[in-house]
Amino acid sequence: MEHLDDQQIKEDDRNYVLHSWSKQKDVHPKIIKKAQGIFFWDETGKRFYDMCSQLVYLNVGHNHPKLMEAFKHIGEIPLSAPGFATESKAELAHKIIEVAPKNMAKVFFANGGADSNDHAVKIARMYSGRYKIFSRYRSYHGATFGAGNLSGENRRFTVEPGLPGFIKFETPYLYRESIAFDSEEAAAAFYLDRLNSQILYEGPESIAAIFMESIPGSNGVLIPPKGYMEGVRELCTKYGILMICDEVMAGFGRTGKMFAVEHFGIEPDMMTFAKGVTCGYSPLGGVIVSKQIADYFDDHVLMTGLTYSGHTVSTQIGCATLDVYKEEHLIDHAAAMGDVLAERLDKLKRFASVGEVRCIGLFAAVELVKDKETKEPLIAYGMDFGRDKVGLMKKFVGMLMAQGFYTYSHESSVMIAPPLIITEAEINEAMDRFEAALTQFEKEVLFADSKLMTP
Ligand SMILES: Cc1ncc(COP(=O)(O)O)c(C=O)c1O
């Protein structure tokens, strides 16, 4: 590969690359010149705290020595098509089943999150002989045609009119619910009752699966109320519907457990994964299926496949990644650091623009509002992705970047999901920067015309 200087990289990028989810003229990408641990440096030498692990995948941090070492041995195993057995594919599937809920038996490997979800839908339909798929409005499951139809938020609109049989139901979102519940359990009962009605209206015998992110991530880390996920499990069992949990973002330690479903003590029928399985060092995803589903395909053809299912490079990296989680006790560390982060986030509540903070492990969102009383969001629902002309969130994220705090926002929530290796001191340093940016944002932008409300 010829070596381009920074100016040439930017010029070629502007001329030849299409960037995701953006008006191309608004894209002014930085170049990451160097990266280590939770930090990266851009082309000007500025250092950033990577507070969203790139796109919530870099759980082990940048430039991890064990993964860099694994790459050195990649060429030693010959490439082979999915029909062949390879050491890394077999070993990684085994390692995943060892850490998955007890009812899980086998893994189908895919390339990333969206196509894993597509395959889970196909497997559910093949196994159940039913066709309807329930998923939730406040959710993101990927950008392929199938996963786009599963997704509830406005990134779904580009695949509409959607596929027949994809039904949406509401995600519990207590902060924006008009009913003031006495308890989380009461809220869970309310949403479960609504879901039960919707299942009956749609005809349970036609519903193959209920598909949900265990904890919706990009839609603002919406932690389910107590008893909700357990209740969905019960409804699925009652009606013979498969429960499929998307663990693409929440899985592999992000929430302080290996998989987020462990917080609820439930066993789904299938789980999908991607990001944290290789921490993005190589693309990989997959579907984990229960023993019952695995057994079904002993005698029935699994009518799906991918050229790169179980790709040799990615599964080798996956094996090394799972070793890192274990050797460095990263899941326990994430849980402990999650407590530190939660404490810092709690302190943000004193800011006039902080409507709610939500945090579980190192998976957190700060939801900003124009007014705490009315809860008016900074961006009206559905106005993300270049539709919002005022650009308040864009300005705030710009101020975070100026403070060396790298993350992204969705709607009115800012994601905070650093690499799981982050230390207590680093969380505090990064959150000091967050507070500095928020102080500046409130003073210079949000409340520039009114009295400064932040103490
Ligand atoms: C919960 C969830 N599912 C699926 C996806 C899609 O994954 P990918 O972009 O690898 O296709 C994402 C991406 O952020 C996600 O957060």
Side-chain angles (χ1 to χ4, degrees), residues 18-22 50 52-59 108-122 124 133 135-156 158-159 166 168 171 209-224 229 243-255 257 259-261 263 268 270-288 306 308-309 311 314 317-318 321 358 360-365 384-385 407-411 413-417:
L18 279 172
H19 284 264
S20 331
W21 312 117
S22 309
D50 189 343
C52 61
S53 309
Q54 295 300 298
L55 278 179
V56 198
Y57 61 71
L58 210 59
N59 294 356
F108 173 80
F109 286 111
N111 302 326
D115 60 320
S116 298
N117 289 335
D118 289 355
H119 282 86
V121 169
K122 289 177 73 178
I133 306 287
S135 60
R136 300 188 293 184
Y137 279 110
R138 292 206 184 244
S139 72
Y140 179 67
H141 295 287
T144 55
F145 208 80
N149 271 273
L150 282 174
S151 299
E153 49 129 297
N154 66 351
R155 279 180 281 181
R156 164 173 52 102
T158 49
V159 297
F166 280 67
K168 296 291 172 297
T171 319
I210 293 182
F211 215 111
M212 58 216 305
E213 292 175 74
S214 309
I215 296 173
S218 32
N219 279 260
V221 187
L222 302 174
I223 301 162
M229 293 297 277
M243 182 177 194
I244 308 179
C245 288
D246 178 339
E247 291 265 349
V248 167
M249 196 179 262
F252 291 101
R254 175 56 49 202
T255 69
K257 303 266 188 205
F259 291 106
V261 289
H263 289 284
M270 280 190 247
M271 291 187 345
T272 57
F273 65 88
K275 302 186 188 263
V277 68
T278 52
C279 293
Y281 281 73
S282 185
L284 185 67
V287 186
I288 313 174
L306 288 161
Y308 301 133
S309 179
H311 192 273
S314 297
I317 298 300
T321 308
R358 297 179 284 271
I360 181 162
L362 287 171
F363 201 27
D384 225 339
F385 297 107
T407 191
Y408 63 93
S409 68
H410 182 73
E411 301 287 339
S413 290
V414 181
M415 178 68 86
I416 303 184

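All ligand and atom numbering here is 1-based and tracks the order in the structure. The model shown is predicted, which means the values in this text are computed figures rather than measured ones.
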A.B. asks: Tell me, which protein residue and heavy-atom name are nearest atom 2 (C) of ligand 1, and how many Å apart are they?
C.D. replies: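 Among all protein heavy atoms, the one nearest atom 2 (C) of ligand 1 is Y140 O, 3.3 Å.
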A.B. asks: Quick one: look up the protein heavy atom nearest atom 16 (O) of ligand 1 and list residue, atom name and how far away it is.
C.D. replies: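 Here the closest protein heavy atom is M249 CE, 3.4 Å.
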A.B. asks: With V248 as reference, evaluate T272, V56, V277 under the side chain to side chain contact (heavy atoms under 4.5 Å, CB included) test and give the passing residue.
C.D. replies: T272
A.B. asks: If you count the atoms of ligand 1 from 1 in the order shown, which ones are under 4.0 Å from a heavy atom of N117?
C.D. replies: 3 (N), 4 (C)
A.B. asks: Compare V248, V56, L55, T144 and give the one whose heavy atom is closest to atom 5 (C) of ligand 1.
C.D. replies: V248
A.B. asks: Can you see which heavy atom on M415 is nearest to which on C52, and at what distance?
C.D. replies: CG-CB, 4.4 Å
A.B. asks: Quick check: do M229 and H263 have side-chain heavy atoms less than 4.5 Å from each other?
C.D. replies: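 Counting from C-beta outward, M229 and H263 never come under 4.5 Å.
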A.B. asks: Applying a strict 4.0 Å limit to heavy atoms, is K275 in contact with ligand 1?
C.D. replies: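 Right, K275 reaches ligand 1.
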A.B. asks: Got the closest protein heavy atom to atom 8 (P) of ligand 1, with its distance?
C.D. replies: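 I find the closest protein heavy atom is G113 N, 3.5 Å.
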A.B. asks: Tell me which part of A114 gets within contact of ligand 1: side chain, backbone, both or neither, using heavy atoms under 4.0 Å.
C.D. replies: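 Both parts.
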A.B. asks: Any protein heavy-atom neighbour for atom 10 (O) of ligand 1 (distance below 4.0 angstrom)?
C.D. replies: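 Given the 4.0 Å cut-off, atom 10 (O) of ligand 1 counts as touching protein heavy atoms.
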A.B. asks: How far apart are the closest heavy atoms of V261 and P268, and which atoms are they?
C.D. replies: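 So the minimum-distance heavy-atom pair works out to CG1-CG, 3.9 Å.
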A.B. asks: Just jot down the ligand 1 atoms closer than 4.0 angstrom to any heavy atom of H141, in number order.
C.D. replies: 3 (N), 4 (C), 5 (C), 6 (C)
A.B. asks: Verify the neighbour count for atom OH of Y308: are there more than 12 heavy atoms of other residues, nucleotides or ligands below 6.0 Å?
C.D. replies: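 For Y308, atom OH is not crowded (no more than 12 foreign heavy atoms under 6.0 Å).
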A.B. asks: Students should be able to answer this: which protein heavy-atom is nearest to atom 3 (N) of ligand 1, and at what distance?
C.D. replies: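 Answer for atom 3 (N) of ligand 1: D246 OD2, 2.7 Å.
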A.B. asks: Would you mind telling me if ligand 1 is within reach of the side chain of E213, the backbone, both or neither, using heavy atoms under 4.0 Å?
C.D. replies: side chain
A.B. asks: Verify the distance criterion only: is there a donor paired with an acceptor across the side chains of H141 and S135 at less than 3.5 Å?
C.D. replies: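 Per modelled atom types, H141 and S135 side chains form no pair under 3.5 Å.
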A.B. asks: Under a 3.5 Å cutoff, is there a donor and acceptor pairing between the side chains of D246 and N117?
C.D. replies: yes
A.B. asks: Quick one: does R254's side chain get under 4.5 Å of S53's, heavy atoms only?
C.D. replies: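 Counting from C-beta outward, R254 and S53 do come under 4.5 Å.
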